[in-house]
Amino acid sequence: MRYFLHFAYQGYNFRGWQQQPGEVRTVQGVMEGVLQRILKHEVSLVGCGRTDAQVHASQYFAHFDTPEELRTDFKFILNKNLPATISIFDIIPVHPRAHARYDATDRQYDYLLNTRKQAFLGELSALYLRKPPDVARMQAAAAQLLQFKDFHAYCLTPNRHNTTICHLRDVRIFANPDRTRIRLQFTANRFLRGMIRILVHRLLEVGWEQITLYDFLQPLRDHNPPRPLRSAYPEGLYLSKVTYPYIDKPPRVQLNFEA
């Protein structure tokens with residue numbers, strides 16, 4: 001039997017999704033350990049994608065195999081045994097060849113930032129203690145991204161990817177009236193390592209008038225990354241929606257950050 005897990009995690013105290021050697025706390029490692037303890041056999045979780053240290057997922061999918069059908073109260077048991085920062089929403093039986101990573105057709109990321117210190121948001125959004133950026137300038141720059149396919153210039157490790165082509169479907173930026181809470185949203189078939197956080201940092205530079213629209217777009221035109229290549233803080237980033245040909249579930253966590 002193959003099952004998809006539909007869940008969310010608060011990633012601030014994890015070193016990312018993927019299992020790593022040594023005593024490193026990752027989401028995959030914690031979940032595999034709990035599943036193996038409950039099911040009494042080795043479990044290998046395959047996730048829909050990697051997330052970096054301190055990055056969150058308000059919607060995530062992973063699949064695993066088990067020789068027998070799961071009991072009806074398995075979701076309850078799993079949630080009871082997982083830490084509070086991981087919440088299981090659905091356990092979905094799927095075809096034996098269904099794949100959480102390779103079958104995904106669209107992925108959406110949201111980036112939350114604030115320019116005013118909030119006591120309860122430190123682990124859930126990125127804090128930039130400076131004047132609010134010009135959101136209209138950021139929106140104008142973001143709209144230009146849709147004309148590009150090759151994001152080699154805005155990738156941390158372009159040589160590790162088979163291709164740096166990404167089909168960016170949509171980019172949106174939302175903000176509250178005083179621009180103290182801002183949400184950037186990106187949707188594509190795939191993303192490169194570090195791509196979203198680099199784009200967010202560059203868009204902020206546009207909003208603060210540190211670089212021009214030409215400066216923002218030129219690296220994409222000539223495939224030459226800016227130096228230095230800087231990234232936005234990890235705790236503001238969320239994997240927020242993953243779509244499959246056979247699964248399209250609405251996220252259970254709503255990131256209405258601009259309200």
Side-chain angles (χ1 to χ4, degrees), residues 1-12 14-20 25-35 43-66 70 74-75 78-79 82-83 85-112 151 155-157 160-170 185-197 199 234-255:
M1 296 287 296
R2 176 162 291 187
Y3 290 92
F4 267 40
L5 296 178
H6 173 211
F7 58 101
Y9 58 84
Q10 202 263 60
Y12 190 78
F14 291 98
R15 293 290 297 173
W17 157 260
Q18 189 160 324
Q19 181 76 280
Q20 300 177 38
R25 191 169 188 258
T26 67
V27 180
Q28 183 185 22
V30 168
M31 292 184 68
E32 285 183 349
V34 170
L35 284 165
V43 173
S44 178
L45 273 176
V46 177
C48 59
R50 297 183 63 169
T51 57
D52 292 337
Q54 299 186 310
V55 171
H56 317 290
S58 54
Q59 183 176 75
Y60 197 92
F61 290 90
H63 78 252
F64 72 98
D65 296 330
T66 187
L70 298 177
F74 189 79
K75 183 176 77 170
L78 187 54
N79 271 320
L82 286 169
T85 48
I86 303 174
S87 52
I88 306 295
F89 303 132
D90 300 290
I91 301 176
I92 307 163
V94 293
H95 190 276
R97 290 190 297 275
H99 200 285
R101 179 183 174 189
Y102 297 134
D103 290 354
T105 56
D106 283 292
R107 293 172 173 85
Q108 177 180 290
Y109 280 88
D110 282 71
Y111 191 92
L112 311 185
F151 288 87
C155 174
L156 281 179
T157 56
R160 294 187 184 179
H161 293 274
N162 292 330
T163 176
T164 52
I165 300 297
C166 300
H167 298 290
L168 200 60
R169 323 264 199 222
D170 195 23
Q185 187 178 90
F186 304 82
T187 305
N189 67 320
R190 65 191 292 265
F191 292 94
L192 309 175
R193 187 181 175 207
M195 175 179 163
I196 299 297
R197 288 170 57 194
L199 285 173
E235 62 269 25
L237 185 58
Y238 291 73
L239 175 57
S240 53
K241 182 85 167 69
V242 185
T243 304
Y244 297 88
Y246 44 83
I247 299 174
D248 186 9
K249 285 189 171 290
R252 301 287 184 85
V253 181
Q254 298 300 320
L255 302 176

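If you read the sequence from its start, that first residue is 1, and numbering goes on from there.
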Chemist: List the residues meeting salt bridge (Lys or Arg N to Asp or Glu O under 4.0 Å) with Arg50, not counting sequence neighbours, and say none if there are none.
Modeler: none
Chemist: Take the angle between the ring planes of Tyr238 and His56 and call it parallel below 30°, perpendicular above 60°, tilted in between.
Modeler: tilted
Chemist: Among all residues two or more places apart in sequence or in another chain, which pass the side chain to side chain contact (heavy atoms under 4.5 Å, CB included) test with Lys241?
Modeler: Gln59, Gln108, Thr243, Asp248, Pro251
Chemist: Excluding sequence neighbours, so at least two apart, what forms side chain to side chain donor-acceptor pair (under 3.5 Å) with Arg190?
Modeler: none
Chemist: Below 4.5 Å, heavy atoms only, C-beta onward: do Thr51 and Tyr9 meet side chain to side chain?
Modeler: yes
Chemist: What pair of heavy atoms forms the shortest contact from Val55 to Pro234, and how long is it?
Modeler: CG2-O, 3.5 Å
Chemist: Ignoring hydrogens, what is the shortest heavy-atom contact between Val94 and Phe4? Give both atom names and the distance.
Modeler: CG2-CD1, 3.6 Å
Chemist: Any side-chain heavy-atom pair from Leu239 and Cys48 closer than 4.5 angstrom?
Modeler: yes
Chemist: So which atom in Phe14 and which in Ile86 form the shortest heavy-atom distance, rounded to 0.1 Å?
Modeler: CZ-CD1, 4.0 Å
Chemist: Can you check side-chain contact (heavy atoms from CB on, under 4.5 Å) on Phe7 and Leu82, steps first, answer last?
Modeler: CA-CA 11 Å; Phe7 58 101; Leu82 286 169; over 6 Å; no
Chemist: Begin with the C-alpha distance, continue with both residues' side-chain angles, and end with the deciding distance and a verdict on side-chain contact (heavy atoms from CB on, under 4.5 Å) for Ile88 and Met31.
Modeler: CA-CA 11 Å; Ile88 306 295; Met31 292 184 68; 3.9 Å; yes
Chemist: Output the distance between atom CZ (Phe186) and atom CD1 (Ile196), rounded to the nearest 0.5 Å.
Modeler: 5.0 Å
Chemist: For the backbone of Leu70 and the side chain of Tyr3, can you confirm whether one donor and one acceptor N or O come within less than 3.5 Å of each other?
Modeler: yes
Chemist: Output the distance between atom CG (Leu255) and atom OG (Ser58), rounded to the nearest 0.5 Å.
Modeler: 4.5 Å
Chemist: Give the ring-plane orientation class for His99 versus His63, where under 30° counts as parallel, over 60° as perpendicular and anything between as tilted.
Modeler: perpendicular
Chemist: When the ring planes of Phe61 and Tyr244 are compared, do they come out parallel, tilted or perpendicular, using 30° and 60° as the limits?
Modeler: perpendicular
Chemist: Considering non-hydrogen atoms only, spot the tightest contact between Ala100 and Ala62 and give its length.
Modeler: CB-CA, 3.9 Å
Chemist: Checking Arg15 now: which residues fulfil side chain to side chain contact (heavy atoms under 4.5 Å, CB included) with it, not counting sequence neighbours?
Modeler: Gln20, Val24, Thr26, Ala53
Chemist: Is the shortest side-chain heavy-atom distance between Tyr111 and Leu237 below 4.5 Å?
Modeler: yes
Chemist: Taking all atoms of both residues into account, what is the closest heavy-atom pair of Trp17 and Gly49, and its distance?
Modeler: CD1-O, 3.6 Å
Chemist: Would you check if the side chain of Gln185 reaches a backbone N or O of Thr187 as a donor-acceptor pair within less than 3.5 Å?
Modeler: no
Chemist: Can you establish whether the number of heavy atoms outside Tyr246 located under 6.0 Å from its atom OH is more than 12?
Modeler: yes
Chemist: Mind listing the closest non-hydrogen atom pair of Gly29 and Gln19 along with its distance?
Modeler: CA-NE2, 3.4 Å
Chemist: With ring-ring contact (aromatic ring centres under 6.0 Å, His included) as the test, would you mind laying out the steps for Tyr109 and Phe191 before giving the verdict?
Modeler: CA-CA 9 Å; Tyr109 280 88; Phe191 292 94; 5.2 Å; yes
Chemist: Can you find a heavy atom in the side chain of His161 that is under 4.5 Å from one in the side chain of Cys166?
Modeler: no
Chemist: So His6 and Ile247, side-chain contact (heavy atoms from CB on, under 4.5 Å) or not? Walk me through it.
Modeler: CA-CA 10 Å; His6 173 211; Ile247 299 174; over 6 Å; no
Chemist: Please enumerate all residues that pass side chain to side chain contact (heavy atoms under 4.5 Å, CB included) together with Arg97, with sequence neighbours excluded.
Modeler: His95
Chemist: Find out whether Leu35 and Phe74 are in side-chain contact, i.e. whether some heavy atom of one side chain is under 4.5 Å from a heavy atom of the other.
Modeler: yes
Chemist: Test: salt bridge (Lys or Arg N to Asp or Glu O under 4.0 Å). Region: residues 98-112. Which pairs qualify, not counting sequence neighbours?
Modeler: Asp106-Arg169, Asp110-Arg183
Chemist: Short question: side chain of Lys75, backbone of Phe89 - any donor-acceptor pair under 3.5 Å?
Modeler: yes
Chemist: Step by step, would you call Leu78 with Val34 a side-chain contact (heavy atoms from CB on, under 4.5 Å)?
Modeler: CA-CA 8 Å; Leu78 187 54; Val34 170; 3.8 Å; yes
Chemist: Look up atom CG in Asp52 and atom CD in Gln18, then write down how far apart they are to the nearest 0.5 Å.
Modeler: 10.5 Å
Chemist: Decide yes or no for Tyr60 and Leu5: does some side-chain heavy atom of the first lie under 4.5 Å from some side-chain heavy atom of the second?
Modeler: no
